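Below is one structure, written out as structure tokens; comments come after it.
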Number of protein chains: 2
Amino acid sequence: MRPPTIRDVAERAGVSKSLVSLVLRGSQQVRPEKRRAVLAAVEELGYRPNAAARSLSERRTRTVGVLLNDLRNPWFVELLDGLNSELYASGLRTLLADGRLNRRLGEDLTHTFTELRVDGLIAVGTLPDPAAVRTAAARVPTVVAGTREPVLPNVDIVAGDDELGARLATEHLIGLGHRHIAHIAGQGVVGELRRRGFEAVMREHGLSGSATVEQGDLTEEGGYRATVRLLSAPHRPTAVFAFNDMAGVGALSAAEELGLRVPGDLSLVGYDNTYLARLRHLWLTTVDNAGHDIGRRAARRLLDRIADPARPGGVALTAPVLEVRGTTAPPRPAD
Amino acid sequence: MRPPTIRDVAERAGVSKSLVSLVLRGSQQVRPEKRRAVLAAVEELGYRPNAAARSLSERRTRTVGVLLNDLRNPWFVELLDGLNSELYASGLRTLLADGRLNRRLGEDLTHTFTELRVDGLIAVGTLPDPAAVRTAAARVPTVVAGTREPVLPNVDIVAGDDELGARLATEHLIGLGHRHIAHIAGQGVVGELRRRGFEAVMREHGLSGSATVEQGDLTEEGGYRATVRLLSAPHRPTAVFAFNDMAGVGALSAAEELGLRVPGDLSLVGYDNTYLARLRHLWLTTVDNAGHDIGRRAARRLLDRIADPARPGGVALTAPVLEVRGTTAPPRPAD
DNA sequence: GGAGAGATCTGGAACGGTCCAAAGAAGGGC
DNA sequence: GCCCTTCTTTGGACCGTTCCAGATCTCTCC
């Protein structure tokens, strides 16, 4: 009971397998009656082409591998959405691998992708093993999306302008009248860039002295802990700019627990404008990092790179936009 | 500049391609020195087997297709996680397709999977096009996870016991002393089952008269709207059991906006125990639906079905557990 | 009626693996 | 030294497509 092959179809339609192949690939050089005969046979047998055989022969898979850091991070999912839609429109399917899940395996996921001979590779976010991306990029057209590293010879980078985003958030808080502002920092290059933007703006306004940076991580828990530390310090900040929305929500909880009202006693800005920030009950002021757009641009870059693998790599930054919601306000006049 | 093939490796190692194949598949029948020579050649050439060629010849792909409803739903992601880990352990890789994204395409995703000749198929959640699952299931071993339909001849179903979960939530509220309880209903079979569980328990306690059902959907927005309607009615409920956590969070927002305190003035229960419910700032009492566990069980079912495609389909339900957090309390005595 | 030009159609060689039957090598017993 | 058995190794068929060179058909024109 094997699935029918192109030969079965040919036999049924009374033509050669080559003609079936022509029909299926939409050739114009086929007489209408033969075309109909072939299509009828396809229908009757329920024939489906075998993708493995096709890609073996064509030497390409029309498939792009996506190496993702963490599916639980809503921002990545949004990026993925943009990526998918653009790639799909170009007839490429997408193969997803979550690196977090298989962290132990390290390089293994790129191994899988190279064995599958994917036509391209997209690395989303900071990955556990940058070396794996390097070796993969030597074989397959590769684009890095949503982060700024690793920087590699023939690899494009598509990301948000994190430094600018951090500047927007900080300027907003200063504009409201805040002076003593804290930043909950993230990890990796992205964390570094956002911190740098924060510090630069504080410096420009002569507020370096009242700028605090507390290390957190990408989770709610990390944001919570960092905020507890910040708010128990002798001279507490009146505003907190968190590395991302998750950390921002953690900060919200900490403030509440310590009896501070947001935004009355404490202003709060997140980052990414995930659906978390849009939940009415949180309604977090945040920086919109345009995940969907970044995904689409990464896809287009990859298509260009597949067409011309040797083209020099470049960095494309998307400008983020501040999204003001309910967690920011001027500080208490008494302050 | 083609990637090296098994023949290149054979030539370099001074053996036949068959021997290379044997070494790579771990045969014990190879003399150690030859094995070493082959492995050295593999290393030097950077050889990677071609998955397409292999699956063409082996007539299987060691790949499972996962048809997902919506990656934005955290519960599905958790299920996926369980699925992945179990399948990976059995040497199967996972191919993910988000049906929501490609809704217009309808059956197209199962088409893709059948063309790829995946060894198995997992349909997660209520899918836009159940007919597509039916036709796919006729060709490929299939398991439905996280929902109760479609019921098909040779298809297993692995899901949470939604009716039981709803009963737990309702019993909890009644146990706290609530009498007038509302349910925000979801869509599809799952919505139906949870509503049924709610209504059954209310009836058993002679509270049918004070049970209200308001239609919502799976989103925060839907939960918000439904709750606004519920709370503006003349005889407002003292507790709300929402179809899922998202809707529960919407309800939380609505209550707050109308000046009701949770859980003081209104108790609230969600469903799924997603990370949303675990956010300290929300701290939602909810029903843990064991997504990870369901994923693993679905994977095991699929493995069994791949081994014996003709085995009769069955339904495996996981018992959910109530997770009491901060949004439920006894009603105001005055009530 | 035949040549020439297109339009259609076909056989067979890839593509890169797996697997099987059989060849070759090595060891054991007489 | 020879035959038999057990290990190792190998050539070649096959998996289901695509693609190319050439075969065959159909027309048109002289």
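In this text, all values refer to a predicted model and were calculated from it rather than measured experimentally. Below, read A as the first sequence line, B as the second, and so on, with proteins coming before strands; counting in each chain starts at 1.
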For this session: Would you indicate which nucleotide in C:dT10, D:dC19, C:dG16 comes nearest to any side-chain atom of A:Val15?
Result: C:dT10
Problem set entry | A:Asn289 side chain near A:Trp75 side chain, heavy-atom distance below 4.5 Å | yes
For this session: Can you tell me the distance, in whole Å, between the CG atom of A:Leu22 and the P atom of D:dC19?
Result: 10 Å
Exercise. Given atom CD of A:Gln29 and atom P of C:dC9, what is their separation to the nearest angstrom?
Worked result: 10 Å
Exercise. Think B:Arg7 has a side-chain N or O under 4.0 angstrom from the OP1 or OP2 of C:dC15?
Worked result: no
Problem set entry | Residue met sooner reading DNA chain D from 5', once B:Arg31 and A:Arg25 are mapped to nucleotides | B:Arg31
For this session: Would you please confirm or rule out a distance under 4.0 Å between OP1 or OP2 of D:dC15 and any side-chain N or O of A:Arg2?
Result: yes
For this session: Nearest whole angstrom, please: distance from the P of C:dG16 to the CD of B:Glu11.
Result: 14 Å
Problem set entry | Residues B:Leu68, B:Leu96; criterion side-chain contact (heavy atoms from CB on, under 4.5 Å); working and verdict | CA-CA 7 Å; B:Leu68 198 71; B:Leu96 186 65; 4.2 Å; yes
Seminar exercise, completed: Of B:Ala53 and B:Val30, the one whose closest nucleotide on DNA chain D sits nearer the 5' end is B:Val30
For this session: Calculate the interatomic distance between A:Glu115 atom CD and C:dG17 atom C1'; express it in whole Å.
Result: 12 Å
Seminar exercise, completed: Separation of D:dC19 atom P from A:Leu56 atom CG, nearest Å, is 12 Å
For this session: Could you check how far CZ of A:Arg62 sits from P of D:dT18, rounded to whole Å?
Result: 9 Å
Problem set entry | Whether B:Thr114 side chain and B:Thr110 backbone form a donor-acceptor pair below 3.5 Å | yes
Problem set entry | Backbone N/O of A:Asn154 and side chain of A:Arg305: donor-acceptor pair under 3.5 Å | yes
Exercise. NA contact type, B:Lys34, heavy-atom cut-off 4.0 Å: base, sugar-phosphate, or nothing?
Worked result: sugar-phosphate
For this session: In sequence, state the C-alpha distance, the side-chain angles, and the governing distance for A:Thr318 and A:Arg297, and then conclude on side chain to side chain donor-acceptor pair (under 3.5 Å).
Result: CA-CA 9 Å; A:Thr318 300; A:Arg297 294 176 66 172; 3.0 Å; yes
Problem set entry | Check: C:dG17 base within 3.5 Å donor-acceptor of B:Ser57 side chain | yes
Exercise. In whole Å, what is the span from the CG atom of A:Leu19 to the C1' atom of C:dC9?
Worked result: 6 Å
Seminar exercise, completed: Side-chain contact check for A:Arg117: nearest option of C:dG11, D:dG16, C:dG17 is C:dG17
For this session: Specify the residue among B:Ile6 and A:Pro32 whose closest nucleotide of DNA chain C lies further upstream toward the 5′ end.
Result: A:Pro32
Exercise. Using a cut-off of less than 4.0 Å, is there contact between a side-chain N or O of B:Ser16 and OP1 or OP2 of D:dG11?
Worked result: no
Exercise. What is the nucleic acid contact for B:Thr5, judged by heavy atoms within less than 4.0 Å: base, sugar-phosphate only, or nothing?
Worked result: sugar-phosphate
For this session: May I ask you to verify if any side-chain N or O of B:Ser18 is less than 4.0 angstrom from the OP1 or OP2 atom of D:dG11?
Result: no
For this session: Provide, to the nearest angstrom, the distance between the CZ atom belonging to A:Arg59 and the C1' atom belonging to C:dA14.
Result: 9 Å
